[in-house]
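Residue indices begin at 1 and follow the sequence shown.
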Amino acid sequence: MSTFLLEIGLEEVPAHLVTSSENQLIERTKNFLAEHRLPVGAIKPYSTPRRLAVELTDVAEKSESLSEEKRGPSIERAKDANGEWTKAAMGFARGQGATPDDFETRDGYVWLTKHTEGVPAKDILVKIGDEVVSEMKFSTYMKWANNAFLYVRPIRWLVALFGKKVVDFHVLDVQTSRVTRGHRFLSNEHVEIPSADDYVSTLESASVIVDAEARKNAIRSQLTAIAKQNNWSLELDTSAAQDLLEEVNNIVEWPTAFAGTFDKKYLEIPDEVLITSMREHQRFFFVTNHDGELLPHFLSVRNGNQEHLDNVIAGNEKVLVARLEDAEFFYKEDQTKTIADYMEKVKKLVFHEKIGTVYEHMQRTGVLAHTLAQSLNFDEQQLSNVGRAAEIYKFDLMTGMVGEFDELQGIMGEHYAKLFGENPAVAAAIKEHYMPTSATGKIAESDIGAVLAVADKLDAIVTFFAADLTPSGSNDPYGLRRAATGIVRTLQGKNWHVALKPILTQFAQSQGEVAAADITAVLEFILDRVRKLTLDDGIRQDLVSAGVSRSGNTDVVYLMDRINVLSAHSKDDNFRDVIEALTRVDRLAVKQLTNDNVDPSLFENDAEKELYQATYALNLSHLVKEGADEVYSALAGLQSPISTYFEATMVNAENVAVKNNRYAQLNVIHRLISELGDLEQIVIK
């Protein structure tokens, strides 16, 4: 068995595309091997900014043989009255590359056993250029020379080795060879790889750490060593630090970490500004003392060795100081104006040409926020804070700092609001109204911020729906799905039971044409996020569908609660019996809806009386208030009397009054069941 190596040499790939491209190469290679039935021991990926590679160890000499049985036409159709093979039989044989002499007959049909011999590995691997390399898909493409072919970046070389031998194929005019490229500045440009097993060591001798994970570990180790040497605290395990580490890893081939310094005077600027300048714009890691206070130092990584490192450090310090000078200027300049000054500019800022200005969006958000706060029984001080936050929460968009560093939206709003004397709760809400900023990001901590966040996102969804700017397929240019996810996660995280339908209906009616959306469609859009979030939690699809259906109750927290309750109880020993009993009631009740007035004097057996007493002992409004688990437990308690009822009772009695009375009783239970959703969608296993 031998090792196979494929390396695709490229012009520098953007850092954010390297890891995803490596993952895609592995996935396509796995599919390629499976399709050709070629066994291998292990599949190892490699990547740098200039190359994507995959190494297959213990490659079998040839693919696995395959024997398949194919069933043809029935014997009656395969032979005519004279016992001769029919056109149907002959066509079946030709389609399988056989003749009728190869037929077997059994079970009333003709059969063929098709045997495919294994193919030598070298004859399979030569196809990897067309079937893997050329088929790669990317979010960003380049076209070069006169080629119609598109790729993430131009292909400059290809290496394909099976053991020590070159596997001969080409992509466009690039022919495979054993020649790769070393580090652009630290080695010879052309480096020969003796065999596939020598790939990593050959490139390491050419100053390229081709294993992305090994390269990342080296960076982490170097950064940590410098921080320890200087008694600095360096956090590399936060999501932001991990993202930066991944990005830095994908822009270097031979990493060398170093430390730099900036003037202490810049520490007067808010930490978030300094960190953004370092991390987002320069790819620097910030450091703190052991009390968490930011220090006037930074860590970075160069793509090279220790040679002339002092010049590299000085150059990076100079670039950072230019950024910090800008930040210091904007920070001081922004404080020479007032919030009212900025709000005058916000009035002219367009939210969307079909919807209006940001200021108008803020006014509508204020209406929604006040309604939500009232429904949640906020006190007078909270209502006042909600109102003030809604009046000003976008003012920082017009500050110089946010104009320069748009990542600081909301963050600078909070800082400036405090400097301008606003209530701390109002200031916090300005930052928090953007939250969560991702599907799994943190929700707003404060109640004021959470209400503002929900209201801001609700207005965006309603007005974009009213303007017929809804997402289609995977296309969601205005981030409405993310907004809906944020609404659901915030309400759930706060455990706020809010009936969205009446609030949104009243809002749409009060705001005129700009909010004249189909509220049913808006609610369904939000409920779709409930479905996705619960499915992502690993809950069965049938239970999710059951819990979301019959959602006259538009309290998303209650809907998610009942989905989780159904999922939890699906593991109960009696779950099947409970659901079967309840769905039997459901199926009968909806056939002939009557009123819910049950007359006990029309009962003809004890089972009717027992079910009636058990049902009317339940307080529906109390149960719903207590939660879905209380509703489920109460309905589960009806399983036995329901089963006894159906054993003793014929619902469709000849006496019309008795029959209608029985349907009325079933309808009462049906109404209770609806509080758990549409249980008929549950698949009983």
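- Relative to the ring axis of Tyr46, Lys44 places its NZ or CZ within 45° and under 6.0 Å from the centre.
- Counting heavy atoms from C-beta outward, Tyr434 and Asp456 have side chains that stay 4.5 Å or more apart.
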* To do: For the pair Glu192 and Thr180, evaluate side chain to side chain contact (heavy atoms under 4.5 Å, CB included) and give the outcome as yes or no after the intermediate values.
  => CA-CA 6 Å; Glu192 285 197 0; Thr180 184; over 6 Å; no

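- Between the side chains of Glu55 and Tyr199, no donor-acceptor pair is found at a separation under 3.5 Å.
- With 3.5 Å as the limit, one finds a donor-acceptor pair spanning the side chains of Asp197 and Thr3.
- Taking the six-membered ring where the residue is Trp, Phe298 and Phe284 present parallel rings, their angle staying beneath 30° rather than reaching 60°.
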* Step-by-step salt bridge (charged side-chain N to carboxylate O under 4.0 Å, His left out) determination, Arg279 to Glu272 -> CA-CA 10 Å; Arg279 183 169 59 206; Glu272 292 91 344; over 6 Å; no

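- Checking side-chain atoms of Asp396 against main-chain N and O of Thr399 turns up no donor-acceptor pair under 3.5 Å.
- The shortest distance between side-chain heavy atoms of Pro296 and Asp263 does not fall below 4.5 Å.
- Counting heavy atoms from C-beta outward, Lys164 and Pro194 have side chains that stay 4.5 Å or more apart.
- Judged purely by atom type and a 3.5 angstrom limit, Asp58 has no side-chain atom pairing as donor or acceptor with the backbone of Val40.
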* Evaluate side chain to side chain contact (heavy atoms under 4.5 Å, CB included) for Thr57 paired with Phe4, printing each intermediate quantity in order. => CA-CA 6 Å; Thr57 60; Phe4 172 74; over 6 Å; no

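- Partner Glu11 forms a salt bridge (charged side-chain N to carboxylate O under 4.0 Å, His left out) with one of Arg153, Arg156, Arg184 and no other, that one being Arg156.
- Proximity of Leu535 to Gln541: side-chain heavy atoms (C-beta onward) are separated by under 4.5 Å at one or more points.
- Between the Thr256 side chain and the Gly304 main chain, a donor and an acceptor come within less than 3.5 Å of each other.
- Proximity of Arg302 to Leu309: side-chain heavy atoms (C-beta onward) are separated by under 4.5 Å at one or more points.
- Donor-acceptor pairing under 3.5 Å is recorded for the side chains of Thr19 and Asn250.
- The ring of Phe525 has its center closer than 6.0 angstrom to the ring center of Phe465.
- Side-chain atoms of Arg215 come within 3.5 Å of backbone atoms of Ile209 as a donor-acceptor pair (strictly under, hydrogens ignored).
- Thr48 and Arg51 share a donor-acceptor pair across their side chains, judged by distance under 3.5 Å alone.
- A salt bridge links Arg50 and Glu189; the closest N-O separation between the charged side-chain nitrogens and carboxylate oxygens is under 4.0 Å.
- Counting heavy-atom neighbours within 6.0 Å of Asp468 CG, excluding the residue itself, gives a total of 12 or less.
- Taking the six-membered ring for Trp and the full ring otherwise, Phe464 and Phe351 have centroids separated by under 6.0 Å.
- Around atom CE of Met136, more than 12 heavy atoms belonging to other residues, nucleotides or ligands sit under 6.0 Å away.
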* Asked: What do the steps show when you test Phe32 against Arg28 for side chain to side chain contact (heavy atoms under 4.5 Å, CB included), and what is the final call?
  -> CA-CA 6 Å; Phe32 172 80; Arg28 287 186 178 277; over 6 Å; no

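- At least one side-chain heavy atom of Met278 sits under 4.5 Å from a side-chain heavy atom of Leu320.
- Under a cut-off of 6.0 angstrom, the local environment of CG in Asn188 is sparse, with at most 12 non-hydrogen atoms contributed by other residues, nucleotides or ligands.
- By the 4.0 Å N-to-carboxylate-O rule, Asp237 lies close enough to Arg220 to be salt-bridged with it.
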* Going through the distances and angles, do Leu161 and Ile193 end up as a side chain to side chain contact (heavy atoms under 4.5 Å, CB included)? -> CA-CA 9 Å; Leu161 295 175; Ile193 304 173; 3.8 Å; yes

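- Side-chain atoms of Thr176 come within 3.5 Å of backbone atoms of Val167 as a donor-acceptor pair (strictly under, hydrogens ignored).
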* May I have the step-by-step check of side-chain hydrogen bond (donor to acceptor under 3.5 Å, both in side chains) for Tyr266 and Glu328, ending in yes or no? => CA-CA 7 Å; Tyr266 297 116; Glu328 183 182 44; 4.9 Å; no

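- Using a 4.0 Å cut-off between a side-chain N of Lys or Arg and a carboxylate O of Asp or Glu, Asp528 and Lys532 do not qualify as a salt bridge.
- Remark: the backbone N or O of Leu38 is not paired with any side-chain donor or acceptor of His36 at under 3.5 angstrom.
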* Asked: Yes or no on salt bridge (charged side-chain N to carboxylate O under 4.0 Å, His left out) for Glu246 and Lys216, after CA distance, side-chain angles and deciding distance?
  -> CA-CA 7 Å; Glu246 181 76 8; Lys216 186 186 292 185; 2.4 Å; yes

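- Looking at heavy atoms from C-beta onward, Glu64 lies in side-chain contact with Pro39 at the 4.5 angstrom threshold.
- Not one N or O on the side chain of Asp198 forms a donor-acceptor pair closer than 3.5 Å with the backbone of Thr202.
- Between the side chain of Ser20 and the backbone N or O of Leu17, at least one donor-acceptor pair lies under 3.5 Å.
- The backbone N or O of Thr99 sits less than 3.5 Å from a side-chain atom of Asp102, completing a donor-acceptor pair.
- The aromatic ring centroids of Tyr151 and Phe149 lie less than 6.0 Å from each other.
- In the model, Glu407 has no side-chain atom that pairs as donor or acceptor with a side-chain atom of Thr276 under 3.5 Å.
- For Asn316 (side chain) and Ile313 (main-chain N/O), no donor-acceptor pair under 3.5 Å exists by modelled atom type.
- Counting heavy-atom neighbours within 6.0 Å of His281 NE2, excluding the residue itself, gives a total above 12.
- For Phe286 and His297, the gap between ring centers reaches or exceeds 6.0 Å.
- No side-chain heavy atom of Leu158 sits less than 4.5 Å from a side-chain heavy atom of Gln175.
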